[in-house]
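Values below: every heavy atom of this structure, side chains too, minus hydrogens, waters and symmetry copies. Just so it is clear: chains get the letters A, B, ... in the order the sequence lines come, proteins before strands, and each one is counted from 1.
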Amino acid sequence: MAPKKSKNRTPSPDPNGIFSGISVYLVEKGVQNRRLQVWKQKLVQMGATIEERLSKKVSHVFAVDLNSLLQQVDRERLTRYKGFILLYQWLVDSLSSGEKVSEDLYLLNLDSEEDNIADKSLDWKQENENVSSDCEPLHHKRIKSSHEDVESFKVESKRDADNNAVSETLNSSISSDNLPDSPSTASMSLDTPGGQFKDVNVLQPSLPYSPPDLNKNITEIFGKLINIYRALGEDRRSFSYYKVIPVIEKLPFKIESADQVKGLPGIGKSMQDHIQEIVTNGNLSKLEHFETDEKVRTISLFGEVWGIGPATAQKLYEKGYRTLDDLKSEDSLTHSQRVGLKYFDDIKTRIPRQEVQDMELLLQKAGEDILPGVDIVCGGSFRRGKSSCGDLDIVITHPDGKSHKGFLSRFVKRLKDMNFLREDLIFSTHSEEDSDSCVDTYFGLCTYPGRELRRRIDLKVYPRDIYAFGLIHWTGNDVLNRRLRLLADSKGYRLDDTGLFPATHGSGGKKGAKASTSLKFGTEKEVFDFLGFPWFEPHERNL
DNA sequence: CGGCCAATACTG
DNA sequence: CAGTAT
DNA sequence: GCCG
């Protein structure tokens with residue numbers, strides 16, 4: 001690749017591009033995956049191109065040591081190879097010094113004698129052990145590992161939060177609260193791993209890292225594919241697109257060629273091809289095809305009805321239905337689907353924050369009426385401070401730890417009497433009286449007092465001792481939830497909305513033996529702390 | 001090729 | 001049990 | 001879809 005354009009090739013805070021022009025091949029053997037992904041990202045951000053195979057284009061080959069190198073690449077090829085063959089340490093040092101350091105000290109030599117090689121590989125091994133002590137914590141105590149992970153998370157989260165803040169500046173006043181808070185934290189975290197950011201921060205104290213819209217052309221199209229594939233029931237595929245969007249959003253430059261994203265996590269052959277097509281043609285034929293295909297369009301539409309999923313949507317299509325109006329004459333619809341259909345437009349309409357707040361208050365008063373002391377909060381995007389919400393997620397408990405039982409049915413009855421709840425979708429008649437320690441749930445539609453517009457509402461009643469888990473779960477967002485779950489997993493626990501359980505891993509236990517009871521925590525913070533996850537205020541959980 | 005976003009609860 | 005939703 |  002010809003490194004010709006040395007001017008401001010990107011609108012990013014990335015005048016450095018310290019790896020600009022180099023083309024790398026990575027020997028992944030022996031590298032901790034997480035670290036590898038970070039390196040790839042850095043390389044790409046700093047202008048390098050990642051090759052999947054060792055070719056003439058490659059100017060730098062990286063390996064953790066000679067053994068891994070030879071294990072993955074033909075010795076024969078290597079002897080013919082003309083570029084640098086280096087230890088990853090070169091990468092680390094270059095990143096921390098903010099410039100490409102001399103390759104001399106990091107060269108991996110093949111042409112040594114056998115015994116020399118043995119010696120060297122030993123040396124390298126030791127080197128790497130030193131290295132790994134401050135980047136690969138696995139050998140040492142668990143605690144350290146989690147700590148480092150947490151640090152990484154912090155960095156990522158803050159960046160993501162910034163992303164959101166930028167893109168949602170339009171309609172969210174809360175997110176602007178994020179901005180003043182982020183730079184300091186972010187710059188502090190960034191100082192450690194990547195020194196060059198420090199300079200950037202000094203020069204641009206206001207915005208340490210600003211990856212706004214660039215590549216929106218790509219993420220928008222991928223966003224549509226997510227919905228289409230989900231409607232078609234191809235969840236896995238849909239999720240692949242879902243995962244790759246944040247990766248692309250983090251890039252500080254506008255993608256002009258698929259080479260620039262090659263090797264990034266979640267980006268394989270297909271993604272590259274799609275990206276290439278989008279940056280050259282401005283559109284994606286695959287998406288165009290989907291959007292014109294009547295079957296895909298119809299199934300997608302039907303799938304937007306509450307209670308209709310991919311399977312039902314397809315059946316209905318095959319029965320000949322093409323519009324929502326047609327569907328109303330179908331007998332096989334369930335009660336929920338009929339309600340979902342009838343109030344299709346209502347349900348899709350977002351709810352202004354103010355109305356949610358009013359309804360939360362209404363619910364709290366109604367609850368207090370029939371059960372003094374009952375604790376009722378609206379979770380979901382409302383609790384995260386969003387200016388509008390898709391629905392109401394109401395999380396309920398009672399401080400005394402027992403009078404929550406049987407509350408839900410009384411509450412629902414009451415709310416129906418006052419004409420707040422209007423239609424049922426799902427009613428868990430779980431613990432009317434006594435079946436203890438389970439979560440009662442109600443899904444339905446409600447209205448703002450004096451109006452007819454239907455709003456989706458979920459009510460969930462938790463026993464006090466697992467309330468914190470429910471609150472965390474229903475406050476979200478899903479990205480944060482997933483990280484918490486992952487973190488819990490890595491520490492040998494299983495986390496969900498009903499508790500934190502010691503991993504009953506593969507051994508024996510089927511379903512009957514739900515034996516392990518959840519650890520008890522009174523507050524969200526205690527859960528975060530226990531997991532070693534940094535505390536996020538609800539409004540900071542819009543990752 | 002098979003796993004991956006986990007796990008659970010209601011409906012009919 | 002399959003399908004659907006959270 | 002991607003990844004191992």
Just by distance, with hydrogens left out, do A:Ser285 and A:Glu277 show a side-chain donor and acceptor under 3.5 Å apart? yes

Side-chain donor-acceptor contact under 3.5 Å, A:Thr323 with A:Asp326: yes

Of all the nucleotides listed ([options]), which has the minimum atom distance to the side chain of [X]?
{"X": "A:Arg494", "options": "C:dT4, B:dT8, C:dT6", "answer": "B:dT8"}
{"X": "A:Ile426", "options": "B:dC10, C:dT4, B:dA7", "answer": "B:dC10"}
{"X": "A:Arg485", "options": "C:dT6, B:dT8, B:dA6", "answer": "B:dA6"}

Base, sugar-phosphate or nothing for [X]? Non-hydrogen atoms, less than 4.0 Å.
{"X": "A:Phe443", "result": "sugar-phosphate"}
{"X": "A:Asp391", "result": "nothing"}
{"X": "A:Ile267", "result": "sugar-phosphate"}
{"X": "A:Leu225", "result": "nothing"}
{"X": "A:Lys29", "result": "nothing"}
{"X": "A:Val305", "result": "sugar-phosphate"}

Does A:Arg454 come within less than 4.0 Å of A:Glu423, counting only side-chain N to carboxylate O? yes

Do A:Arg456 and A:Asp458 sit within salt-bridge range, that is, some charged N less than 4.0 Å from a carboxylate O? yes

Just how far, in rounded Å, is [atom2] of [N] from [atom1] of [X]?
{"X": "A:Arg483", "N": "B:dA6", "atom1": "CZ", "atom2": "P", "value": "17 Å"}
{"X": "A:Asn481", "N": "C:dT6", "atom1": "CG", "atom2": "C1'", "value": "11 Å"}
{"X": "A:Ile226", "N": "B:dC5", "atom1": "CD1", "atom2": "P", "value": "16 Å"}
{"X": "A:Glu234", "N": "C:dG3", "atom1": "CD", "atom2": "P", "value": "15 Å"}
{"X": "A:Asp458", "N": "B:dC10", "atom1": "CG", "atom2": "P", "value": "13 Å"}
{"X": "A:Leu486", "N": "B:dC4", "atom1": "CG", "atom2": "P", "value": "12 Å"}
{"X": "A:Leu495", "N": "C:dT6", "atom1": "CG", "atom2": "P", "value": "20 Å"}
{"X": "A:Lys460", "N": "B:dA9", "atom1": "NZ", "atom2": "P", "value": "13 Å"}

P spacing across the pair D:dC3 / B:dC5, given as an integer number of angstrom: 13 Å

On DNA chain B, check which nucleotide each of A:Asp497 and A:Arg482 is closest to and give me the residue with the more 5' one. A:Arg482

Would you kindly compare A:Arg230 and A:His335 by the position of their nearest DNA chain B nucleotide and give the one closer to the 5′ end? A:Arg230

Please assess A:Phe62 against A:Tyr25 for the test ring-ring contact (aromatic ring centres under 6.0 Å, His included), listing each intermediate value before the final yes or no. CA-CA 6 Å; A:Phe62 292 102; A:Tyr25 173 76; 10.0 Å; no

Side-chain N or O of A:Thr312 versus OP1/OP2 of C:dT4: is the shortest distance under 4.0 Å? yes

Note: chain A reaches DNA chain D at heavy-atom distances under 4.0 Å over the stretch, first to last nt, 5' to 3', of D:dG1 to D:dG4

Sub-6.0 Å ring centroid separation between A:Phe533 and A:Phe536: yes

Qualifying residue, where the test is side-chain contact (heavy atoms from CB on, under 4.5 Å) with A:Phe344 and the options are A:Leu327, A:Leu324, A:Val339: A:Leu324

Would A:Phe239 pass as stacked on B:dC5, i.e. its ring centre under 5.5 Å from the base's six-membered ring centre and planes under 30° apart? yes

Would you give the length of the straight line joining atom CG of A:Leu392 to atom CG of A:Leu445, rounded to the nearest 0.5 angstrom? 11.5 Å

